[in-house]
Amino acid sequence: MRPRLVFSLLCLLLLAAIIGASALPPARVQADTTLQGVPRLDGYNIYFSEAFGEASRFDRSGAGVSRFAGLLQMLGANLYTLEWRTGIPADADLLVIPGPVNDIGPDQTAWLWAYLQNGGRLLLIAEPLVQGYRSMPFDKGLLQLMWTDMGLRGRNDVVVIEGDLRDVMLPAEESAEGEPTPEAPAPVAMPALVAAFTTGALNSASAIADGVSGDLAFFVARSLEVDETLRDATVTTLISSPENFYGETAYAGYLENGVVEYNIGTDTTRSALALAASFEKPGTGTRVVLIGDREFATNTHGFQTSPPYSSAFLYPGNVRFMLNAVAWLLGAEPLADELSFPPAADTATPTITPSPTPIPPTATPESGS
Amino acid sequence: MRPALIVSLLLLGSAMLAGLAQAQGQPLVVFVADETLQTAAPGDGPDSLRALDEIFRTLGARTETTALDGPLPAEAQVVVLIRPLRALSSDQLAWLWNHLVRGNHLLVALDPIGLPVAGPERSTPANPDRATGGLASLLAQNYGIGLQDSVVIADWFAADELAAQSTTFLQAWPETFMRHPIIEPLAAHDIPVMTWGARTLWSEPIGPGSVASPLLTQDYAYGETGRVFGDSAEPLTINISADVQGRLVLGAAAENATFGSRLVFLGDSEALLDGYGLMIDPVTLLPAHIGNRILAERIAAWLLEREEWPVLAESLTWLSVDGSGADWADAPPLLEDAARDSVDPARDILRVYAVRDDTYLYVRVDTTAPPRARSELRLDIENTFDAVPDVTIWVTPRGIEARAPDGAGRMLDAVPDGTVAFGEGVELRLPLRVSSSGALVGRVCFSHAQTSGALEDFDCTAAPPAVVPALPTLAPANLHLAPGPLAWLTASPAPSVLGAPAQEAAAVIQPAVTGQVFAAVGRTGAGDWVQVRNARGTGWLPAASVLLNAPLAALPVAEGF
């Protein structure tokens, strides 16, 4: 009797030990806790467009939006790349078009428009039409449609303010045939244009502004035209420039020859110009956020960190605004708590105003003569 | 009789079963030992990974080696790929990638392209994966750690020193701004990690499905992108537009949330090799580079997903200079001072604590209110028990200085490797090089230098000098000097560091450890002795006993020698 009891007890103990050892769960440590307190985006399907030269969510270089995409993924969203040839999937909760370089074609515009008319959600970043960007002029295609139906579009300008004076050589007049070559004109003092700036003009009445702290940084932005008088929809300016900025419509020419001229009637009037705006139509459920600067969300501009390998964002306002915009577009709960990113180190300065926009070197009087 | 036999047999069988279950429960670590890649692997010799293999096994893992000539074992949790001298082929990369996408982990260390390797069986220079290669691209895209085609170069390097990786050593430092748990004790205790011929990396903090964090950085070198090895080596001059500048990342860790996979990527493999970073002094059996040892142990623990970190060696001093007294043992204060005998509570001394180990004097001063940063503090130190201070340590906004204990405060020495932190109190770590044995701590004062140069004391202790207790532990690192040429003691058994360049001279630092690294600060005119320095002292080593990472002739001739 006793040996049997000992044997049974030993077997029981060994069995329990073996089961216990094999049942230990793997100690997978979950990823970063820096987004604790931010509502989850679990289950939401977000499609990124890459067909028109947009900033890529896979691009970890300065020009990409991998940090923005990474944050969305950390919040639980499912990210996909949109295949335009098959249209916009029915399971798309949000479409992100982050700054197309090439214009969106008529067929893609048709897909997009149908999507929006049927309750679609769109985060659109429309870069100014300078420095090789030829997409989305204000009077054609998608922006024209948006203006007509949504009271919202981007202008063909760049939001600037005059900076320090500098000598600029005006273009020489061409001489008529047989006439002597005219003398080279004397240099003219003209202001440099400041197109990279920060602004604190955020519409605090919008849910997207919740928890956004610090100024928001822009790096060559176009102004937006906003019609807030629509009856069945709400159009809201979210971010504005400081009061004394204007919209330069000849910015490409300025980059070429340094000549600055404020043209009343042509340039956008000096005022607090809209830089980001939202559209909401309760009847259909459509929601759109439009931002006039692609660099607002790119890795080494709006999402720049210091040190660069850290998560200490130089412009936490940009980061929070983008996450808030996505949460609002998806209808997720408003963001309640502050993000817990460390403050940026002093290896870079977040102050970018005023900083003259570089212009091409102009000929000096000596070399020009 | 029969029941006893049955019970014995059953016990034996159960024990075997339990052993098998335990083995199956043990994570498997696979070292890639591939002839075509010429990887480093567990074995014998300086280029082997025996110490790293032991670390993994000590942490409860099974280890085995495999040639990367087929799929990796399905049960492998960690793959170790150290110092491949050739790029992975497409099929090798596919096998490795399949291992990672299944949620397993990788430790990879790649050296610069063209680095001459010392092993006799490896006569050709290293030509591992490039920054644009398949391995680097996959790891960059999916983990946020990228490779750069560069070699870490310090100002004092010369082309001749780059002829072998054994003379391209430099200290790297734990990243302190973003403290990954792997390097937490290294960052907390300011412990360097040795590298030999390192390559720079980049890491992106947040990306699609991944988070990455630097582990090791280097502030005083640059990443040369030109050809620096071989016959057509280019001059070692920084090219602003092409070379890697700023804080260089030499190692990083990342997690891919999609796969549930972890990656540790080092830009230097010698840091983990037996004859380099994980070198053991054959006489004392002490690790030559504590930082490398701790790094290797914690990398292994992180990759094995251990819930507890390896215990830090009890034979070392673990006092971090952070302004907090939390890590001080409950020892009685050395000196006590009356409360509120200063008008400024932030400069009202209450208690002074001090201990010393083999290398440093550690001092903590508690005040009524937390002291202001950049407060000026003076500390008298005596070694001869004659009631006369031998040196006064001044803590000023300029740094720490050793001054003569006379009224004029004549400057004796700057103390660049002294450390001070202001927090709840003031904490100091002073090298015994300037405080000698630091046997007694005398008067301690909060002072302020007036514009006339005279000192105004806010509060001073009045107690007589007290004997500083000696800890039985060793400092985990003894070289925190400013950037400059280094000497790597390679002779075995290690000679003592002598007080003069002569065999009969008295020892200054004894015992030295084979593999120990010193600052190389001078030489004799004949070049047969090298003057070296660390926190314990300044002395001489035979030139033949060390390797330098700078030309011997570039060291200044010490005055009088």
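Proteins get letters first, then strands, A, B, ... in listed order; numbering begins at 1 in each.
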Proximity breakdown for B:Ala140 and chain A, heavy-atom pairs closer than 4.5 Å: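 Contact with chain A involves the backbone of B:Ala140 alone.
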Structural part of B:Ser203 lying under 4.5 Å from a heavy atom of chain A: both
Heavy-atom closest contact (B:Met178 atom, A:Tyr309 atom, distance):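 Taking B:Met178 first and A:Tyr309 second, the nearest heavy atoms are SD-O, 3.3 Å.
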Minimum side-chain heavy-atom gap A:Phe303-B:Ile206 below 4.5 Å: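 Result no, sub-4.5 Å side-chain heavy-atom pair not found.
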Beyond-backbone contact of B:Pro205 with A:Ser310, side-chain heavy atoms, under 4.5 angstrom: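 Contact flag for B:Pro205/A:Ser310 side chains = no.
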Nearest-0.5 Å distance that lies between atom CD in B:Glu204 and atom OG in A:Ser311: 11.0 Å
Point-to-point distance, once rounded to the nearest 0.5 Å, from OG of A:Ser306 to CZ of B:Phe177: 6.5 Å
A:Arg60-B:Ser210 side chain donor-acceptor pair, cut-off 3.5 Å: yes
